[in-house]
Chemist: 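Would you mind keeping the following structure in view while I ask a few things?
Residue numbering restarts at 1 for every chain, and letters A, B, ... go by the order of the sequence lines. The structure presented is a predicted model; accordingly, all values stated were derived computationally and were not measured.
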Amino acid sequence: MEYSFHEIEKKWQRYWEEQQIYRVEVDPEKPKYYVLDMFPYPSGAGLHVGHPLGYIASDIYARYKRMEGYNVLHPMGYDAFGLPAEQYAIQTGQHPAKTTDHNIRRYREQLSQIGFSFDWNRELRTCDPKYYKWTQWAFIEMFEHWYDNHQQKARPIEKLEGIFSREGNAEVDAANDPLDTFSADQWNKMSQEQQQQVLLSYRIAYLADSMVNWCPELGTVLANDEVKEGVSVRGGYPVIQKKMKQWSLRVTAYANRLLDGLDDLEWSESLKEIQRNWIGRSRGAEIRFDVEHSHTSFEVFTTRPDTLFGVTFMVLAPESDLTRELTTSENRQEVEEYIKKATARSERDRITDTQSVSGVFTGSYALHPITGERLPIWVSDYVLIGYGTGAIMAVPAHDERDNEFARHFNLPIIPVIEGGDPMKQAYDSLEGKVINSQFINGYTAEQAIPVIIEEIEKRGMGREKVNYRLRDAIFSRQRYWGEPFPIYYKNGMPYPLDKSKLPLELPEVDAFKPTSEGRPPLARAKDWKTEEGYPLEESTMPGFAGSSAYYLRFMDPHNEAALVSEEANQYWRNVDLYVGGIEHATGHLIYSRFWNKFLYDIGWVCEDEPFKKLINQGMIQGRSNFVYRIKGTNKFVSYNLKDHYDVTPLHVDVNIVDNDVLDIEAFREWNPDFKDAEFILEEGRYICGYGIEKMSKSLYNVINPDDIIRKYGADTLRMYEMFLGPIDMSKPWDTNGIDGIYKFLKKFWRLFHDEQGNFSLSDEEPSDEELKTLHKTIRKVREDVEQFNFNTAISAMMIAVNELSSSLCNKRQILMPLLRLLTPFAPHIGEELWHRDGNQSSVVDAPVPEHQEKYLQENTFTYPVAFNGKMRFKLELPVDIEQEKAKEIVLNHEKAQKWLNQKPPKKVIFVPNKIINVVV
RNA sequence: GCCCAGGUGGCGGAACUGGUAGACGCGUUGGACUUAAAAUCCAAUGGCCAGCAAUGGCUGUGCGGGUUCAAGUCCCGCCCUGGGUACCA
């Protein structure tokens with residue numbers, strides 16, 4: 001019987017489903033292992049061959065772990081809220097729930113064909129009210145907590161109210177918005193609204209006026225990670241900076257924990273590095289500057305307090321409230337104009353134009369905290385409102401931007417670190433002695449930093465300070481297709497719904513667009529208010545809300561009383577292996593860690609970090625094919641002849657090209673324009689050119705896994721994806737290579753069958769050679785799987801099958817262990833042959849084979865013999881040969897004479913079981 | 001600009017703590033089987049040179065230096081590709 005993958009795969013997929021083979025439950029008898037894939041957003045285009053890459057890798061690993069005796073949790077679900085479905089809804093009027101559901105069905109169908117070991121009983125989708133109930137619940141928890149910097153953890157807001165009513169806020173060290181201190185007395189005299197306003201600035205989920213990325217085209221604000229190069233990641237629309245009242249999550253409170261926590265994670269260095277840069281910790285000092293003839297003072301952040309004596313002017317961000325406050329009446333008009341101009345610029349403008357220097361003088365002066373010198377206060381757009389205090393001390397001798405600014409406006413430059421020529425270019429190195437700086441003269445820059453910090457602390461002018469680049473996450477979206485906020489407003493202040501009212505379901509609306517007054521789509525909903533008549537929040541949550549805790553929900557997906565039961569959480573704890581794309585480095589992977597740490601603080605989960613080990617799968621690129629049309633004609637010339645003509649390369653659908661040979665008939669049918677096309681062939685064929693590009697519909701290079709499965713089967717698809725190369729690297733998909741895997745599986749199948757195609761294994765004792773083949777393969781494959789080197793594991797199995805095929809081995813003692821080794825890669829063929837050999841239970845629970853060293857022992861080693869480092873011949877010697885004996889044999893060897901040239905060798909290097917090198 | 005990966009045959013890629021460069025697979029070429037094709041099997045396959053041939057020589061891991069008996073691997077200086085970031089004080 002032939003290897004008929006189609007029949008086999010259908011059969012076992014049905015069996016697995018009927019027998020609930022992949023269903024798992026908490027089992028205290030067994031050790032747990034949690035393997036998770038980043039769940040997909042179900043797009044309308046369906047899966048292409050690049051999407052399952054990571055799923056296949058994690059599935060192989062999950063299956064191995066299971067065969068090793070672990071209780072493996074391996075779930076799958078859908079990140080179902082999101083912009084594309086909504087954009088589509090706006091265009092077509094179709095409800096996003098409908099298109100999303102349709103897409104999910106398609107995804108499920110495609111995924112099911114690949115033979116994954118997912119426990120589908122745990123499937124979840126973020127747009128399901130039963131699921132987003134817990135997203136809303138977590139939001140309320142964040143609303144009801146504040147972050148205590150001293151204890152480094154989230155604490156209930158009621159505790160804070162207690163503190164305020166007893167002692168005011170002076171002693172509270174919280175991660176909060178800037179706020180004046182107040183006494184207990186002042187607190188107790190505040191109105192409820194005033195108190196709420198104060199509390200709001202302490203909450204972890206808070207509503208505040210902040211500078212946000214506003215995307216007019218999408219009609220919504222976006223978080224920092226959703227904007228790249230000044231345009232929205234989704235859609236590529238321009239983004240501007242705007243001050244708006246928005247919900248935010250106080251991610252910055254966790255900045256140091258998010259940063260330090262990275263050290264213990266088994267993530268790739270590059271991924272950790274991206275997060276480190278994104279969080280961006282810098283150490284320095286915050287220094288207060290008084291303003292001349294004024295009671296006002298302001299603080300600046302600097303990483304170079306050692307250059308304090310080099311300050312010659314100050315600069316404020318245009319958006320800063322201080323700018324207007326400190327502008328004198330003579331300068332008002334000019335400053336106002338500058339602010340207007342600067343704040344109107346789009347993000348893209350600001351990014352593309354970083355060269356031109358602009359700014360105006362406010363008319364005020366700050367006083368140097370030590371020398372008392374007058375320092376002019378300028379305003380310029382090179383100072384950003386969102387970082388530090390939105391104001392800087394300018395040290396033109398040692399900072400490039402300050403230097404350019406000073407030279408442009410003829411401001412003084414005072415060198416305070418030796419080295420460089422600050423009149424021409426800033427010298428920003430820490431190398432060099434401090435000069436022109438009173439009591440720190442003569443120190444190195446590095447030594448001077450603590451000394452100067454001590455001095456300003458003593459004078460009460462500042463303190464040591466750590467600053468982060470990370471910003472709080474803007475959490476509201478003026479869109480329809482997301483989780484509604486469980487928030488209502490009373491006298492203008494936000495209050496959470498009672499948790500018993502959750503989920504607050506997404507209401508029906510007549511159109512998925514903003515209202516005519518520009519309010520978000522939810523404002524269109526009828527009776528969008530509480531039972532008491534209080535209006536509900538009209539924004540919805542962003543895409544990352546639903547994906548921030550889904551790994552916890554998978555532990556206990558049907559629980560209606562809690563996000564996850566204590567029992568399930570204590571057992572499954574956190575994700576042991578997480579597989580997904582590196583593009584989530586600054587979004588999902590930061591938010592999830594934050595979300596998890598918050599739940600950890602409030603005692604809901606038992607692990608501080610959600611994802612212990614993380615593998616980034618690389619991208620699968622497309623391999624595009626081109627045809628070459630002679631300009632101005634409908635004539636196409638084959639690849640190797642094209643240089644003789646003036647041609648335009650055109651993309652051609654890779655599905656009508658086989659091994660770079662164009663199917664001319666199919667080409668004519670593919671596009672009516674080419675119906676009457678003529679061709680200049682080479683050797684009777686039309687050869688296409690090729691190029692490596694992104695896999696995309698518009699480039700006609702998309703490969704659909706369904707097509708591959710139809711032609712070769714799921715086992716071949718799975719193995720070929722893994723065989724392409726290292727899991728974490730980008731590599732092009734080339735369907736041509738798939739034959740190698742297909743042939744391998746057929747060869748493997750044939751080992752188990754006789755000439756007539758009957759299943760036939762013998763119980764004959766295996767030879768030493770066969771045992772060696774088996775055991776070296778077991779060792780290699782298991783080592784490789786442990787390190788996610790699936791491509792080399794497959795090579796090793798190919799070598800084994802080649803060796804066993806040439807000896808026509810059909811011995812049960814060899815083939816059945818090999819089958820178990822292969823099963824995680826090719827589960828269908830594994831299950832089929834396992835059952836053909838008479839087993840009743842699923843191969844999924846068969847133990848993974850162990851190698852035995854005794855079969856791998858060798859008596860001899862074939863040494864490469866090199867002369868001056870060049871390998872000249874090989875020599876088989878006993879593994880335990882004495883060095884002197886080996887040298888003697890080599891030097892007397894017939895083949896050595898030619899290289900020795902009758903002279904005694906200078907030196908002979910003998911590395912046991914490695915190499916012999918003769919130096920002549 | 002700064003930070004991080006990576007650069008090996010026609011292609012995807014192997015190569016343990018420095019030790020036979022090119023495993024495995026694709027493709028290509030030749031052959032077997034076949035009326036033919038498909039499928040299958042066998043052999044060759046980095047480049048250059050010499051030879052009828054077996055074979056032998058030189059050269060070769062982005063470029064230029066260096067360390068070493070020995071370098072794809074280590075060190076120094078460049079170039080290129082991909083990713084991250086973008087006035088972060």
Chemist: Determine yes or no for a side-chain-to-main-chain donor-acceptor pair under 3.5 angstrom, with A/Ser429 supplying the side chain and A/Glu431 the backbone.
Modeler: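 Side chain of A/Ser429 to backbone of A/Glu431: a pair is present.
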
Chemist: In terms of side-chain geometry, is the basic nitrogen of A/Arg463 or A/Glu286 positioned less than 4.0 Å from the acidic oxygen of its partner?
Modeler: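 Yes.
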
Chemist: Donor-acceptor check, side chain of A/Lys874 to backbone of A/Tyr863, threshold 3.5 angstrom: yes or no?
Modeler: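 No.
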
Chemist: Can you identify which nucleotide, out of B/G13, B/A86, B/C3, has its nearest atom closest to the A/Glu273 side chain?
Modeler: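 Looking only at heavy atoms from C-beta outward on A/Glu273, the closest nucleotide is B/C3.
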
Chemist: Measuring only the C1' atom in each nucleotide, how far is B/G72 from B/G62? A whole number of Å is fine.
Modeler: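 It works out to 12 Å between them.
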
Chemist: Which nucleotide sits closest to the side chain of A/Ile799: B/A89, B/A23, B/U85?
Modeler: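 So the nucleotide nearest the side chain must be B/A23.
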
Chemist: Mind checking A/Ser730 for me? I need base, sugar-phosphate or nothing, with any heavy atom below 4.0 Å counting as a touch.
Modeler: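 Contact class for A/Ser730: sugar-phosphate only.
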
Chemist: Determine the Euclidean distance between corresponding P atoms of B/C87 and B/G82; express it in Å to zero decimal places.
Modeler: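 Roughly 23 Å separates the two P atoms.
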
Chemist: Under 4.0 Å between a side-chain N or O of A/Arg872 and OP1 or OP2 of B/U20?
Modeler: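 The answer is no; no side-chain N or O of A/Arg872 sits under 4.0 Å from OP1 or OP2.
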
Chemist: Does A/Arg593 qualify as a cation-pi partner of A/Trp278, given the criterion of NZ or CZ under 6.0 Å from the six-membered ring centre and within 45 degrees of its axis?
Modeler: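 Here A/Arg593 fails the 6.0 Å and 45° test against A/Trp278.
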
Chemist: Grab the CG-P distance between A/Leu470 and B/U85 for me, whole Å please.
Modeler: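 Taking CG of A/Leu470 and P of B/U85, I get 13 Å after rounding.
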
Chemist: Could you check which of B/A89, B/G25, B/U40 has an atom nearest any side-chain atom of A/Ser282?
Modeler: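 Selected nucleotide: B/A89.
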
Chemist: In whole angstrom, give the distance that lies between atom CZ of A/Phe873 and atom P of B/G57.
Modeler: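 My rounded result for the distance is 12 Å.
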
Chemist: Is the number of heavy atoms from other residues, nucleotides or ligands under 6.0 Å of A/Gln897 CD greater than 12?
Modeler: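 Yes, CD of A/Gln897 has more than 12 neighbouring heavy atoms, counting only those of other groups under 6.0 Å.
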
Chemist: In whole angstrom, give the distance that lies between atom CD of A/Gln275 and atom P of B/G83.
Modeler: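 So the CD-P distance, A/Gln275 to B/G83, works out to 20 Å.
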
Chemist: Taking the minimum atom-to-atom distance to the side chain of A/Ser270, which one of B/A21, B/C4, B/U40 wins?
Modeler: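 Between B/A21, B/C4, B/U40, the one nearest the side chain of A/Ser270 would be B/C4.
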
Chemist: Has the side chain of A/Asn403 got a donor or acceptor atom that lies under 3.5 Å from a matching backbone atom of A/Pro396?
Modeler: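 Here the side-chain-to-backbone pair exists.
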
Chemist: When the C1' atoms of B/C16 and B/C2 are compared, how many Å lie between them, rounded to an integer?
Modeler: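 Their C1' atoms lie roughly 35 Å apart.
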
Chemist: Taking B/G83 as the reference, what is the distance to B/A39 when you measure between their C1' atoms (whole Å, please)?
Modeler: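 Rounded to whole Å, the distance is 44 Å.
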
Chemist: Within the distance-only criterion (no hydrogens, no angle test), does the side chain of A/Asn810 pair as donor or acceptor with the backbone N or O of A/His753 below 3.5 angstrom?
Modeler: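 No: the side chain of A/Asn810 does not pair with the backbone of A/His753.
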
Chemist: For nucleotides B/G47 and B/G10, find the distance between their C1' atoms and express it as a whole number of Å.
Modeler: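 The same atom, C1', in both gives a distance of 12 Å.
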
Chemist: So for atom CD, which belongs to A/Gln857, do other residues, nucleotides or ligands contribute more than 12 heavy atoms lying within a distance under 6.0 Å?
Modeler: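 Enclosed: over 12 neighbouring heavy atoms sit under 6.0 Å from CD of A/Gln857.
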
Chemist: Side chains of A/Asp402 and A/Tyr382: closer than 4.5 Å at any heavy-atom pair?
Modeler: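 Side-chain contact under 4.5 Å: yes.
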
Chemist: To the nearest Å, give me how far apart CG (A/Asn791) and C1' (B/U8) are.
Modeler: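 So the CG-C1' distance, A/Asn791 to B/U8, works out to 15 Å.
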
Chemist: Which whole-number value in Å describes the distance from A/Leu271 CG to B/U85 P?
Modeler: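 Checked: the CG to P distance equals 12 Å.
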
Chemist: Scan nucleotides 67-69 of chain B against the protein and return all N/O pairs shorter than 3.5 Å with their distances rounded to 0.1 Å.
Modeler:
residue: B/C69; atom: O2'; partner: A/Asn917; partner atom: ND2; Å: 3.2
residue: B/C69; atom: O2; partner: A/Asn917; partner atom: ND2; Å: 2.7

Chemist: Can you tell me, in whole Å, how much space there is between the C1' of B/A14 and that of B/C26?
Modeler: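 B/A14 and B/C26 have their C1' atoms separated by 15 Å.
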
Chemist: Respond yes when some side-chain nitrogen or oxygen of A/Asn802 is under 4.0 Å from OP1 or OP2 of B/G25, and no when none is.
Modeler: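 Yes, because at least one side-chain N or O of A/Asn802 sits under 4.0 Å from OP1 or OP2 of B/G25.
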
Chemist: Whole Å only: how far is the CG atom of A/Asn467 from the C1' atom of B/C87?
Modeler: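 Answer to the nearest Å: 16 Å.
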
Chemist: For nucleotides B/C33 and B/C42, find the distance between their P atoms and express it as a whole number of Å.
Modeler: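 Roughly 15 Å separates the two P atoms.
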
Chemist: Contact class for A/Asp660 (heavy atom, under 4.0 Å): base, sugar-phosphate, or nothing?
Modeler: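 Nothing: the residue A/Asp660, judged by heavy atoms under 4.0 Å, touches no strand.
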
Chemist: Please list, for nucleotides 26-30 of chain B, all pairs of protein and nucleotide N/O atoms separated by less than 3.5 Å.
Modeler:
residue: B/C26; atom: OP1; partner: A/Lys743; partner atom: NZ; Å: 3.1
residue: B/G27; atom: O3'; partner: A/Asn659; partner atom: ND2; Å: 3.3

Chemist: Pick the nucleotide of RNA chain B nearest each of A/Lys780 and A/Tyr720; which residue has the one closer to the 5' end?
Modeler: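 Nearer the 5' end of the strand: A/Lys780.
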
Chemist: Looking at A/Tyr742, is its backbone amide N or carbonyl O close enough to the side chain of A/Thr716 to form a donor-acceptor pair, meaning the two atoms are under 3.5 Å apart?
Modeler: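 Absent.
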
Chemist: 5'-most contact on RNA chain B: A/Gly390 or A/Tyr690, nearest heavy atom basis?
Modeler: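 Going by which nucleotide is closer to the 5' end, it is A/Tyr690.
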
Chemist: Calculate the interatomic distance between A/Tyr712 atom OH and B/A38 atom C1'; express it in whole Å.
Modeler: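 Whole-Å distance recorded here is 13 Å.
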
Chemist: Side chain of A/Lys746 only, heavy atoms from C-beta on: which candidate in B/G25, B/U40, B/U85 is closest?
Modeler: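 Among the listed nucleotides, the one closest to the side chain of A/Lys746 is B/U40.
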
Chemist: Nearest 0.5 Å, please: how far is CG in A/Leu699 from OG in A/Ser624?
Modeler: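 Interatomic distance, A/Ser624 OG to A/Leu699 CG, rounded to 0.5 Å: 5.0 Å.
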
Chemist: Identify whether the glycosidic angle of B/G22 places it syn (within 90° of 0) or anti.
Modeler: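 What B/G22 shows is an anti base, its glycosidic angle lying more than 90° from 0.
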
Chemist: Walk me through it: do A/Glu464 and A/Arg283 pass the test salt bridge (charged side-chain N to carboxylate O under 4.0 Å, His left out)?
Modeler: CA-CA 8 Å; A/Glu464 191 169 5; A/Arg283 298 172 188 286; 5.8 Å; no

Chemist: What stems, by residue range, does RNA chain B take part in, given at least 3 consecutive Watson-Crick or G-U pairs under 3.5 Å?
Modeler: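 Stems for RNA chain B, defined as runs of 3 or more consecutive pairs: B:1-7 with B:79-85, B:10-12 with B:24-26, B:27-32 with B:40-45, B:46-50 with B:55-59, B:62-66 with B:74-78.
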
Chemist: Take atom C1' in B/C24 and the same atom in B/G9, then report the distance between them in whole Å.
Modeler: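 So the two C1' atoms sit 14 Å from each other.
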
Chemist: Quick one: which of B/U20, B/C87, B/U85 gets closest to the side chain of A/Pro864?
Modeler: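 When the side chain of A/Pro864 is considered, B/U20 is the closest of B/U20, B/C87, B/U85.
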
Chemist: Would you kindly give the CD-to-P distance between A/Glu269 and B/G6, to the nearest whole Å?
Modeler: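 One finds 12 Å between P of B/G6 and CD of A/Glu269, rounded.
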
Chemist: I'd like to know whether NZ of A/Lys772 has more than 12 heavy-atom contacts from other residues, nucleotides or ligands below 6.0 angstrom.
Modeler: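 Counting other residues, nucleotides and ligands, NZ of A/Lys772 stays at 12 neighbours or fewer.
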
Chemist: Select one nucleotide: of B/U85, B/C24, B/C87, the one nearest the side-chain heavy atoms of A/Ser795.
Modeler: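 Nearest listed nucleotide: B/C24.
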
Chemist: Is it true that the side chains of A/Lys694 and A/Asn701 contain a donor and an acceptor less than 3.5 Å apart?
Modeler: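 There is no such pair (donor and acceptor under 3.5 Å, judged by atom type) between the side chains of A/Lys694 and A/Asn701.
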
Chemist: Name the residue from A/Tyr690, A/Tyr720, A/Phe723 that meets the ring-ring contact (aromatic ring centres under 6.0 Å, His included) definition with A/Trp733.
Modeler: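 Between A/Trp733 and the candidates, ring-ring contact (aromatic ring centres under 6.0 Å, His included) is satisfied uniquely by A/Tyr720.
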
Chemist: Return the nearest nucleotide to the side chain of A/Pro726; candidates are B/G12, B/A14, B/U20.
Modeler: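 Nucleotide nearest to A/Pro726's side chain: B/A14.
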
Chemist: Tell me whether the side-chain N/O atoms of A/Lys228 come closer than 4.0 Å to OP1 or OP2 in B/G84.
Modeler: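 For B/G84, OP1 or OP2 has a side-chain N or O of A/Lys228 closer than 4.0 Å.
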
